[in-house]
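These notes concern the structure reproduced below.
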Protein chains: 2
Amino acid sequence: MHGKYASSFHENISKIRSLIVQASLAPGDRLPSERELAETLSISRASVREALRALSFLGIVETRHGGGTFLCEQDRHRYIEILSEFIVTKQTKASDIVDMLRLLERLAFSEVEPTPERVKLLEANLANDREFRQQLILGLDNELFIRIWSEVNRFYDGTDAGELYTIEERTQLLEMWRKVRMPE
Amino acid sequence: MHGKYASSFHENISKIRSLIVQASLAPGDRLPSERELAETLSISRASVREALRALSFLGIVETRHGGGTFLCEQDRHRYIEILSEFIVTKQTKASDIVDMLRLLERLAFSEVEPTPERVKLLEANLANDREFRQQLILGLDNELFIRIWSEVNRFYDGTDAGELYTIEERTQLLEMWRKVRMPE
DNA sequence: CTGTTTGATTGGTCTGACCACTTTAAAGAG
DNA sequence: CTCTTTAAAGTGGTCAGACCAATCAAACAG
């Protein structure tokens, strides 16, 4: 009748969400460990991880290596509100979108550690404006941030605008990033 | 010097994106299989899957069980544009957000198959408006849709409005869903 | 040419192990 | 007793190999 594998991706997300509600977890609280969740919900740890990754992208939970998985603080949701309000109040002029993107990307430069691998990766994509910016953002360890950037950038792509930075600017940004964060 | 595990989540996403660009894949094209990607990029298949899941949530790729992983059609991006335009042109009146949510959720009812498990799950959450709607949406097999709903709903939550449906409406929706989709 | 069967391919899930990071508590120094 | 150091347990991250489930394509039968 039923197949061997009973669980499914979306069901697992529902299960975890139900568990969060039943346990009356508040923002900031820690969820049971992945191993506990797997046993409690009778699914494999790999499936638990896929579900948690999805909830992470939805801005519902946040994982810390070695620490645990936590319910997101409500504050993180304000990213979205700020973005929405921005779009509304500013009437979405193209120039504002550009400002927003530049702001987010400058922030990324200050947050992301310039490891040799990342620097090399950005150098390789120096000629492609869009790729360059995307690779930079993907270095961030904040999935909600990535998602918001993705939204704004998609909006930007829809305007058929040209490059956000000239290649000279990109080169300069990269150089500055390396020097300021690794001074020697 | 270096640890045993060389790969990291964000690097893997970058690797796959670079591969997409280098291979000059166009929207609709199929990516190499997960097993091929794992071997090519020298990372485990589990890590490939986590990266692909992320790209899926970003609306960049789309997976089909047994079929493969494909670059998203540009059309799917229009969801976001439609949403953005909606927010802008409609001045984000609370009533419009409500309409939008109701629209999305009616759509979900017509798309999601009413399996006994799902029906049972919704019945269990009949008393909680927010949970009820979230569980419904999570039954969808379209992560971009889920993401958009999530955005709008978060905006809705920010307005401190009450329940979107009364419990009578929820009961009625559930009953209708079961009957229309499983007529006997 | 059309429809069916069958084998290979591919994404989905499971298991169990080990690695890297955190947290905690025990052990030690003062 | 207090503070520091250190060891161990706990947790998320990665890996490997296996099998399940859905899809696809080639071979086959009509």
Side-chain angles (χ1 to χ4, degrees), chain A residues 1-16 19 25 28-57 60-72 113 115 117 138-143, chain B residues 1-16 19 25 28-57 60-72 113 115 117 138-143:
Chain A
M1 186 80 63
H2 290 76
K4 180 169 180 179
Y5 296 144
S7 77
S8 83
F9 179 64
H10 293 286
E11 288 174 11
N12 293 340
I13 294 183
S14 295
K15 285 181 182 177
I16 293 180
L19 189 144
L25 296 185
D29 286 356
R30 210 185 75 180
L31 275 69
S33 72
E34 295 181 352
R35 292 168 179 81
E36 280 183 70
L37 284 174
E39 191 171 6
T40 303
L41 305 177
S42 300
I43 55 183
S44 72
R45 200 186 142 205
S47 295
V48 169
R49 282 185 58 76
E50 288 223 354
L52 286 179
R53 175 67 67 186
L55 289 175
S56 175
F57 259 95
I60 295 175
V61 304
E62 172 186 21
T63 61
R64 300 173 202 160
H65 189 179
T69 304
F70 301 80
L71 256 189
C72 275
E113 202 73 24
T115 64
E117 293 78 18
L138 287 176
L140 272 168
D141 198 22
N142 184 329
E143 280 151 358
Chain B
M1 185 83 66
H2 289 76
K4 179 171 181 179
Y5 297 144
S7 75
S8 83
F9 179 64
H10 294 284
E11 289 173 11
N12 293 341
I13 294 182
S14 295
K15 286 181 182 176
I16 294 180
L19 189 145
L25 296 185
D29 286 356
R30 209 185 77 178
L31 276 69
S33 72
E34 295 181 351
R35 292 168 179 81
E36 281 183 69
L37 283 174
E39 191 171 6
T40 301
L41 305 177
S42 299
I43 54 182
S44 72
R45 202 185 142 205
S47 295
V48 169
R49 284 184 57 77
E50 288 222 353
L52 286 179
R53 174 68 68 186
L55 289 175
S56 175
F57 259 94
I60 295 174
V61 304
E62 172 186 20
T63 61
R64 299 174 204 159
H65 189 178
T69 305
F70 301 81
L71 257 189
C72 275
E113 202 74 24
T115 64
E117 293 78 18
L138 287 177
L140 272 167
D141 198 23
N142 184 328
E143 280 150 359

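Chain A is the first sequence line, chain B the second, and so forth, proteins listed ahead of strands; every chain is numbered from 1.
One interatomic measurement links the two molecules: CG of Leu37(B) to P of dC15(D), which rounds to 14 Å at whole-angstrom precision. The distance from atom CD of Glu62(B) to atom P of dG11(C) is 13 Å, rounded to the nearest whole Å. At whole-Å resolution of the value, CD in Glu50(A) and C1' in dG12(D) are 15 Å apart. If you take CZ of Phe9(A) and C1' of dC20(D), they are 19 Å apart, rounded to a whole angstrom. As rounded to whole Å, 5 Å separates atom C1' of dT14(D) from atom OH of Tyr5(B). Rounding to whole angstrom units, CD1 of residue Ile16(B) and P of dG11(C) are separated by 11 Å. The interatomic distance linking Arg53(A) (CZ) with dT14(D) (P) rounds to 7 Å, in whole Å. Distance CZ (Arg49(A)) to P (dG16(C)): 18 Å, rounded to an integer number of Å.
The phosphate of dT13(C) has neither OP1 nor OP2 within less than 4.0 Å of any side-chain N or O from Ser8(A). Regarding contacts with the backbone of dG12(C), a side-chain N or O of Thr63(B) is found under 4.0 angstrom from either OP1 or OP2. Side-chain N/O atoms of Ser47(A) include one lying less than 4.0 angstrom from OP1 or OP2 on dC14(C). Contact between the side-chain N/O atoms of Thr69(A) and the OP1/OP2 oxygens of dG12(D) is found at a separation under 4.0 Å.
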Checklist entry - Under the side chain to side chain contact (heavy atoms under 4.5 Å, CB included) criterion, do Lys15(B) and Ile43(B) qualify, and how do the steps go? => result CA-CA 10 Å; Lys15(B) 286 181 182 176; Ile43(B) 54 182; 4.1 Å; yes
Item to check | Leu31(B) vs Leu71(B), side chain to side chain contact (heavy atoms under 4.5 Å, CB included): CA-CA, chis, key distance, verdict | outcome: CA-CA 7 Å; Leu31(B) 276 69; Leu71(B) 257 189; 4.3 Å; yes
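The distance from the OG atom of Ser47(B) to the CD1 atom of Ile13(B) is 11.0 Å, given to the nearest 0.5 Å. Here the CZ atom belonging to Arg35(B) is positioned 11.5 Å from the CG atom belonging to Leu37(B), to the nearest 0.5 angstrom.
The side-chain contact (heavy atoms from CB on, under 4.5 Å) search around Thr40(B) returns Leu19(B), not counting sequence neighbours. Judged as a side chain to side chain donor-acceptor pair (under 3.5 Å), and not counting sequence neighbours, the contacts of Arg45(A) are Glu34(A).
On a pure distance criterion of 3.5 Å, a polar donor-acceptor pair joins the side chain of Arg45(A) and the base of dG13(D).
Position along DNA chain D of the nearest nucleotide to Arg64(B) versus Arg35(A) favours Arg35(A) as the more 5'-ward residue.
Checking dC21(C), dT14(D), dT10(C) against every side-chain atom of Glu36(B), the shortest atom distance belongs to dT10(C). The nucleotide whose nearest atom lies closest to any side-chain atom of Ser44(B) is, among dC15(D), dG13(D), dC14(C), dC15(D). Checked against dG11(C), dT14(D), dG12(D), the side chain of Glu34(A) finds its nearest nucleotide in dG12(D).
Using a 4.5 Å heavy-atom threshold, the side chains of Leu41(B) and Ile16(B) count as touching.
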Extract from the structure each pairing of a protein N or O with an N or O of nucleotides 6-10 of chain D at less than 3.5 Å, listing the distance.
unit_1	atom_1	unit_2	atom_2	d
dG10(D)	N2	Gly66(A)	O	3.3

